[in-house]
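As the structure is a computational prediction, the values presented were derived from the model and not from experiment. Throughout, protein chains are lettered first and strands after them, A, B, ... in sequence-line order, and every chain is numbered starting at 1.
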Protein chains: 2
Amino acid sequence: MQQRTGRPTSRDVAALAGVSVATVSYVLTGRATKVGAETRQRVLEAARQLDYAPNQSARSLRRRKTERICLVVGSIGVPAYDQLARELHDKADEEGHGVLTIVVNNAQRAAQTIELLHQRIADGAVIASSVPFLDGDALRALARSGLPLVVMSNELEPEGFDVVRAPERPACTEAVDHLFAIGRKRVAYVGHHREVSGDSGNHERLAAYEDSIQRHGAKRIVVDGADDRVVAYRAVENLLRQKDKPDAIFAASDRAAISAIWAARDAGLAVPTDLAVVGVGNLEDGLITKPPLSTVGPPQLDFSATTSMLFERLAATDPPAGREVTTPWSFIQRESA
Amino acid sequence: MQQRTGRPTSRDVAALAGVSVATVSYVLTGRATKVGAETRQRVLEAARQLDYAPNQSARSLRRRKTERICLVVGSIGVPAYDQLARELHDKADEEGHGVLTIVVNNAQRAAQTIELLHQRIADGAVIASSVPFLDGDALRALARSGLPLVVMSNELEPEGFDVVRAPERPACTEAVDHLFAIGRKRVAYVGHHREVSGDSGNHERLAAYEDSIQRHGAKRIVVDGADDRVVAYRAVENLLRQKDKPDAIFAASDRAAISAIWAARDAGLAVPTDLAVVGVGNLEDGLITKPPLSTVGPPQLDFSATTSMLFERLAATDPPAGREVTTPWSFIQRESA
DNA sequence: CTGTTAGCGCTTTCAC
DNA sequence: GTGAAAGCGCTAACAG
């Protein structure tokens, strides 16, 4: 009725070792105390000989857990997520868990991911910020179903899951206001592709910009490029060629801000004299630009709160109520603005 | 004997809809033709009402496949892998598969990953190049066990899995030789951390450098930084402060090469007149430096061969023998050297 | 068209 | 200390 895979099962090991499958299980799951040393050796030898590895699906089906956690991010190659991924991996290693990373950048993948999580592909998950298409209802349902979940979001309320906030808006406002305070008149915004194309997503950076230019009666100049160094460079290069060129740039990412500094220098302009530049993210890379990059972000990239909360939830016998922690964000003035 | 999870099962749905679990399965797996429209509706409604999602472990256990593929990379934030990840995700989407990414950068994670793959956490896998600690024996065993596998490697022979090669060595040699050909005497190498610290890994870039300087009777100058823009900048900045400063840099990554260009410019040196720079990778970013970056790499970043081979293997009824494809690599001269 | 049933491979009481 | 046996939740013959 069911043909064999070719992969050895615990039954094969048991047969070869001349014991029962139960004993194989005991030995391989470390319940070693119950098994005699000699039997134990025979089982181990048989397993080695057959190159046996227990089937994970069967094991999780039975155990009702996977020993895996899942990291859901909105895109690949974003420095802050890379850092989060690194920290989560390290923590997971300590706890003997594996990490699965899933990239969600369209509605189909969002639905698929919710499904995967529902299907208990992992024992818990971290949803990184600005993952689009992942709505509160789906996340609440997931939490209700008992999945430990930590969500980085400024909108969602903790409801069965923990929330990590990053108050970007006031810090960004401070940054843009600063540009006007130092006398800039034409402040351009280099945004994420989604923002620029009018798509949904986290609008705090753009909103802070729009609000500030409006208060200062300045013109709205918005270009694409925060997701890509090359796009940003070309966009700023282009901006600087116009006769009404901006005298300040607020970029939604440090990568774009760095591209802006190069573009200015390559165009023979001085930063910040001719063009003031502010980024967002507080990447280390901002320290090696000339001049050092003024930016908006947390004092340092650190996701320990996020990772700890997940593992606390995983360990908890009865699930803690939804917690809420806030990462401090501020305008970090260096020399580019 | 086994307490309930709280999550609804197909039995719950069946009960609510007043049908058998088989019917539930038929409806939910699209075997819709066999089920009457009215029954079908009832099942769908019951499932919706219970917020039911089929248990993935049970399903894979039964179906003997997971509809997932796995991407194994050596580290996070490397542009080429990001590109590979994007392409793999796109292809997987088309085929209705999910993608799990696993990062392996130490021996423990390597062992753990082999285990996960053995345990059929996914139906197939791509092993990106320069994943350390993943030895041929383990991969061959995996392939022997029937797992579709595509490995990017210059050392391994195809044995039950496909191999994608990138002949870096000759292209790198050409690049370093070029530096000497244009009259450079002191060529420094900015390498990956593992190379510099004498750790294992892919040594082709370093080997090409060492071979070339030896043939030209030049001094070996090796610093760390290919993995990190900031480290690279500081290393080159430091190199350029010395009295015997290099007149050329061969960097094992374009990111490091770009940092080298900045460092030179910030130190008031002209590129390539005072310092010639060559990178590796052929990133788009090299096009926006001033001057444009000479580099070593494929004509364009394209992993379609890799991804297609995996999906061909997944679809194949009888596994193709190990294939071998080679990505063309060459020295791409632009203006920085 | 729908239900019955036999497992997928593993873990875990419960006896012996 | 070890084995027999009962499922975990689902799918896929097979019967009707």
Side-chain angles (χ1 to χ4, degrees), chain A residues 1-15 17-43 46-47 50 52-67 115 118-121 123 145-146, chain B residues 1-44 46-47 50 52-67 115 118-121 123 145-146:
Chain A
M1 165 149 294
Q2 187 72 48
Q3 44 190 333
R4 300 189 43 76
T5 334
R7 306 205 54 239
T9 73
S10 62
R11 182 152 50 243
D12 298 326
V13 177
V19 297
S20 76
V21 291
T23 303
V24 172
S25 177
Y26 291 147
V27 171
L28 267 49
T29 54
R31 208 174 255 58
T33 47
K34 304 188 56 176
V35 179
E38 199 261 346
T39 314
R40 184 181 148 68
Q41 276 316 312
R42 244 182 319 134
V43 171
L50 293 176
Y52 168 76
N55 178 306
Q56 190 60 23
S57 300
R59 172 173 284 181
S60 353
L61 174 56
R62 180 61 227 220
R63 283 202 186 154
R64 296 160 166 292
K65 64 177 158 193
T66 63
E67 312 274 61
E115 200 67 6
H118 238 134
Q119 296 170 350
R120 290 299 183 269
I121 190 190
D123 297 337
S145 80
Chain B
M1 166 151 294
Q2 187 74 47
Q3 43 190 336
R4 298 188 45 75
T5 333
R7 307 206 53 238
T9 73
S10 62
R11 183 151 48 242
D12 298 326
V13 177
L16 183 58
V19 297
S20 77
V21 289
T23 303
V24 172
S25 176
Y26 291 147
V27 171
L28 267 50
T29 53
R31 208 175 253 59
T33 46
K34 306 187 56 178
V35 179
E38 198 261 348
T39 314
R40 185 181 147 69
Q41 277 315 314
R42 244 183 317 134
V43 171
L44 253 24
L50 292 175
Y52 168 77
N55 178 306
Q56 190 61 23
S57 299
R59 172 174 283 181
S60 331
L61 174 57
R62 178 63 225 218
R63 282 202 186 153
R64 298 163 163 292
K65 62 179 159 192
T66 62
E67 311 275 62
E115 199 67 7
H118 239 133
Q119 296 171 350
R120 289 300 183 270
I121 189 190
D123 297 338
S145 79

Notebook entry, point to check: In Å and rounded to the nearest 0.5 Å, what is the OG to OH distance from A:S145 to B:Y52?
Noted result: 13.5 Å

Notebook entry, point to check: Taking atom OG of B:S57 and atom CD of A:Q56, what is their separation to the nearest 0.5 Å?
Noted result: 7.5 Å

Check: Shortest non-hydrogen contact from A:A17 to A:R42?
Finding: O-NH1, 2.6 Å

Next item on the list: Assess whether one donor atom and one acceptor atom, taken from the side chain of B:Y26 and the base of C:dG3, lie less than 3.5 Å apart.
Entry: yes

Next item on the list: Take the protein atom CZ of B:R62 and the nucleotide atom P of C:dC8, then report the distance between them rounded to whole Å.
Entry: 8 Å

Note to self: Counting only side-chain nitrogens and oxygens, does B:R64 get under 4.0 Å of the OP1 or OP2 atom of C:dG9?
What the structure shows: yes

Notebook entry, point to check: OP1 or OP2 of D:dG9 sitting under 4.0 Å from any side-chain N/O of B:R59?
Noted result: no

Item checked: Derivation and outcome, side chain to side chain contact (heavy atoms under 4.5 Å, CB included), residues A:V19 and A:V24 -> CA-CA 7 Å; A:V19 297; A:V24 172; 4.0 Å; yes

Next item on the list: Using a 4.0 Å heavy-atom cut-off across all strands, classify B:S57 as base, sugar-phosphate, or nothing.
Entry: nothing

Next item on the list: Respond yes when some side-chain nitrogen or oxygen of A:T9 is under 4.0 Å from OP1 or OP2 of C:dG9, and no when none is.
Entry: no

Check: Side chain of A:P54: nearest nucleotide among D:dC8, D:dT2, C:dC10?
Finding: C:dC10

Item checked: Which residue lies more 5' along DNA chain C, comparing B:A37 with B:A58 via nearest heavy atoms -> B:A37

Next item on the list: Using atom CZ of A:R11 as one end and atom C1' of D:dA5 as the other, report the distance to the nearest whole Å.
Entry: 13 Å

Notebook entry, point to check: Hey, is the main chain of A:V35 close enough, under 3.5 Å, to the side chain of A:R40 for a donor-acceptor pair?
Noted result: no

Item checked: Partners passing side-chain contact (heavy atoms from CB on, under 4.5 Å) against A:V21 (at least two apart in sequence or in another chain) -> A:S10, A:R11, A:A14

Check: What nucleotide among C:dC10, D:dG9, D:dG3 has an atom nearest to a side-chain atom of A:Y52?
Finding: C:dC10

Margin query: In whole Å, I'd like the distance from the CD atom of B:E115 to the P atom of C:dC10.
Written below: 12 Å

Checklist line | Atom-pair distance (CG on B:L28; P on C:dT2), nearest Å | finding: 14 Å

Next item on the list: Note the angle between the end axes of the helix from C:dC1-D:dG16 to C:dC16-D:dG1, five pairs defining each, rounded to 10 degrees.
Entry: 40°

Margin query: Could you tell me how far apart B:N55 (CG) and D:dG7 (C1') are, to the nearest whole angstrom?
Written below: 14 Å

Note to self: Taking 4.0 Å as the cut-off, does a side-chain nitrogen or oxygen of A:S10 come that near to OP1 or OP2 on C:dC10?
What the structure shows: yes

Notebook entry, point to check: Checking all strands, does A:T39 fall into the base, sugar-phosphate, or nothing category for heavy-atom contacts under 4.0 angstrom?
Noted result: sugar-phosphate

Checklist line | Gap between atoms CZ and C1', on B:R63 and D:dA12 respectively (whole Å) | finding: 11 Å

Check: Looking at B:S20, does any N or O in its side chain come under 4.0 Å of the phosphate oxygens OP1/OP2 on C:dT4?
Finding: no

Next item on the list: State the CD1-OG1 distance between A:I121 and B:T66, to the nearest 0.5 angstrom.
Entry: 8.5 Å

Check: Reckon A:V24 touches a base, only the sugar-phosphate, or nothing at all at heavy-atom distances under 4.0 Å?
Finding: nothing

Margin query: Rounded to whole Å, how long is the line connecting atom CG of B:L61 with atom C1' of D:dG7?
Written below: 12 Å

Notebook entry, point to check: Any donor-acceptor pair under 3.5 Å linking the side chain of B:D123 with the backbone of B:E67?
Noted result: yes

Margin query: What is the distance, to the nearest angstrom, from the CD atom on B:E38 to the C1' atom on C:dT2?
Written below: 13 Å

